[in-house]
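Model, not experiment: these values are computed from the prediction. FYI, the numbering just counts along the sequence from 1.
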Amino acid sequence: MGFDPWDAAFVADPYPAYRELREQGRAIWSEATSQWLVPHYADVNALLRDRRLGRTYLHRFTHEEFGREAPPPAHEPFHVLNGNGLLDLEDPAHARVRRLVAKAFTPRTVEQLVPAVKRMAGKLAAGLLADGGGDLLTAVAEPLPVAVIAELLGVPESDRGPLRPWSADICGMFELRPDEETARRAVRASVEFSDYLRALIAERRERPGGDLISGLIAAHDEEGRLSEQEMISTCVLLLNAGHEATVNTTVNGWWTLFRHPDRLADLRRNPEKLSTAVDELLRYDTPLQMFERWVLDDIEIGGVTIPRGAEVALLFGSANRDPARFTDPDTLDLVRADNPHLSFGAGIHYCLGAPLARRELEASFGALLADGIPPLRLVREPQWREGYVIRGLEELLVEF
């Protein structure tokens, strides 16, 4: 089986194909996706930091100059929202926005949230126990990060219902070749979410609080403040990135643990291993399998020249299983000490929310492994949902 992001068997287990790709070379052309695939850890790590590549090219070129078609005008609300977020900005705009966001989203902000995160995780675990089990995806994995980000932003509980659907619809555009219906849903969600946040920002300007939106409004330096659009895009990115990665790491991680019952039993006995366990689960079955970059200036990888205008696919899932960097990479080692996985990226686009994501994951796994909670058991083998870039399960049915 080769690299085929639309094949269900590949999505269920892409790691054998990655092994073949690493043996083939350092940059492999994919006819299926019209991209150069980069499967080795050292190259992925280096290219994430290489400014000859970019998440966008519009800071240097027009669509025409870069040899690409402009997106349809009907898609503009999505691209405005996405293009003003940290994930797709390039320097100098990226440095300015990240510096201002970091003034509001500080390590202290994360630490202050930890008690609430643990409380929410405990409540969700207790609810699952009271029900005698259920779908771990919808009962625990999805509600926790949405509630945490909503708490962080100051979104009232009564307004939180649409957050998950908005996030899912917007993130559909990050898959390979999204169809027109996916684009339509993403545009609608972009408009509705932006309108909601615009009203919430206006309210916080009048009545500031201790939430992140109030902090973003107040953040300033010698270059000025964040624009309203930059604040909106930052809030949406925090939900989308924090939500999708945390949800999929939770369910994919439990599925991994169920397939390694000895490691799961050891983790129950030794919850102090949770910190390294979370990073190992992030490495072992990476939630974001691919990160795409545009080639802004010709580059060479392993003797292959990749020209300006091409697209490279940095294969995080393959890099995190590269034996050149990780000892016994196909072994799940929950106390792996040397674990510089790339699941949160690297370079200027390293995930700003990584510390919060780790805290959420520790709280989520910890709540279901705590004393007084009976061991979980898998009800039936899960199915992988369609979609390769953001890779996750349809459901994960469990019982106690």
Side-chain angles (χ1 to χ4, degrees), residues 76-89 93-117 119-120 142-171 186-244 246 351-357 359-360:
E76 185 178 4
F78 166 80
H79 290 290
V80 168
L81 179 64
N82 193 54
N84 282 279
L86 281 171
L87 189 64
D88 274 55
L89 284 174
H94 180 278
R96 180 184 64 81
V97 173
R98 188 169 184 123
R99 187 171 61 248
L100 288 167
V101 172
K103 286 177 177 288
F105 191 38
T106 64
R108 185 165 175 265
T109 305
V110 173
E111 288 309 307
Q112 286 176 333
L113 265 177
V114 169
V117 173
R119 192 165 54 249
M120 293 177 205
E142 286 183 344
L144 180 61
V146 171
V148 170
I149 298 298
E151 191 80 11
L152 179 69
L153 297 178
V155 175
E157 277 198 50
S158 57
D159 293 353
R160 294 177 185 180
L163 296 182
R164 162 64 176 162
W166 282 337
S167 175
D169 285 348
I170 291 169
C171 287
V187 167
R188 183 183 61 199
S190 298
V191 171
E192 291 176 359
F193 202 174
S194 295
D195 287 348
Y196 175 78
L197 287 169
R198 196 169 286 111
L200 194 58
I201 289 168
E203 188 180 304
R204 291 294 183 274
R205 288 191 196 279
E206 293 293 321
R207 291 182 294 280
D211 54 87
L212 183 65
I213 288 179
S214 298
L216 293 174
I217 292 169
H220 65 279
D221 61 14
E222 64 281 357
E223 292 186 39
R225 299 178 183 271
L226 293 166
S227 69
E228 182 181 72
Q229 183 59 61
E230 287 164 347
M231 283 190 276
I232 290 169
S233 295
T234 295
C235 294
V236 171
L237 177 61
L238 279 170
L239 176 67
N240 292 349
H243 160 258
E244 291 294 340
T246 310
C351 178
L352 190 68
L356 179 57
R359 290 297 212 167
E360 284 180 38

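Taking both residues in full, the closest heavy atoms of S214 and G209 are given as OG-N, 2.8 Å, listed atom of the first, atom of the second, then distance. When every heavy atom of C235 is checked against every heavy atom of L197, the shortest pair comes out as CB-CD1, 3.9 Å.
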* **Residues L237, L352; criterion side-chain contact (heavy atoms from CB on, under 4.5 Å); working and verdict** => CA-CA 10 Å; L237 177 61; L352 190 68; over 6 Å; no

* Given T234 and F105, is the side-chain contact (heavy atoms from CB on, under 4.5 Å) satisfied, shown in steps? -> CA-CA 11 Å; T234 295; F105 191 38; over 6 Å; no

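Applying the side-chain contact (heavy atoms from CB on, under 4.5 Å) rule to L226 yields the partners V97, L100, V101, L216, E230, M231; only residues at least two apart in sequence or on another chain are considered. Looking at residues two or more places apart in sequence or on another chain, you find a salt bridge (charged side-chain N to carboxylate O under 4.0 Å, His left out) between E228 and R198. Under the side chain to side chain donor-acceptor pair (under 3.5 Å) criterion, Q112 pairs with no residue, sequence neighbours left out. Checked against ring pair (Phe, Tyr, Trp, His ring centres under 6.0 Å), H94 has the following partners two or more places apart in sequence or in another chain: H349. Judged as a side-chain contact (heavy atoms from CB on, under 4.5 Å), and not counting sequence neighbours, the contacts of T246 are P145, T250, A357, E360, L361. By the side-chain contact (heavy atoms from CB on, under 4.5 Å) test, C171 pairs with S167, F174, N240, E244, I390, sequence neighbours left out. With sequence neighbours excluded, the residues that form a side-chain contact (heavy atoms from CB on, under 4.5 Å) with A189 are W166, D169, I170. For E192, there are no salt bridge (charged side-chain N to carboxylate O under 4.0 Å, His left out) partners, not counting sequence neighbours.
One N or O on the side chain of S190 and one on the backbone of A186 form a donor-acceptor pair closer than 3.5 Å. Panel note: side chain S233, backbone N82; no donor-acceptor pair is recorded below 3.5 Å.
Applying the side-chain hydrogen bond (donor to acceptor under 3.5 Å, both in side chains) test to pairs two or more places apart or on separate chains, those with a residue in residues 150-162 are E151-R160, D159-Y196. For residues 199-231, no residue pair satisfies the ring pair (Phe, Tyr, Trp, His ring centres under 6.0 Å) rule, not counting sequence neighbours. Within the structure, salt bridge (Lys or Arg N to Asp or Glu O under 4.0 Å) pairs that include any residue of residues 103-115 comprise E111-R359 (at least two apart or interchain).
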In a table with atom names and distances, give each donor-acceptor pair under 3.5 Å that connects a side chain of residues 199-208 to protein atoms at least two apart or in another chain.
residue : atom : partner : partner atom : Å
R204    : NE   : D211    : OD1          : 3.4
R204    : NE   : D211    : OD2          : 2.9
R204    : NH2  : G154    : O            : 2.6

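Here the CD1-CG distance, from I149 to L239, works out to 6.5 Å after rounding to the nearest 0.5 Å.
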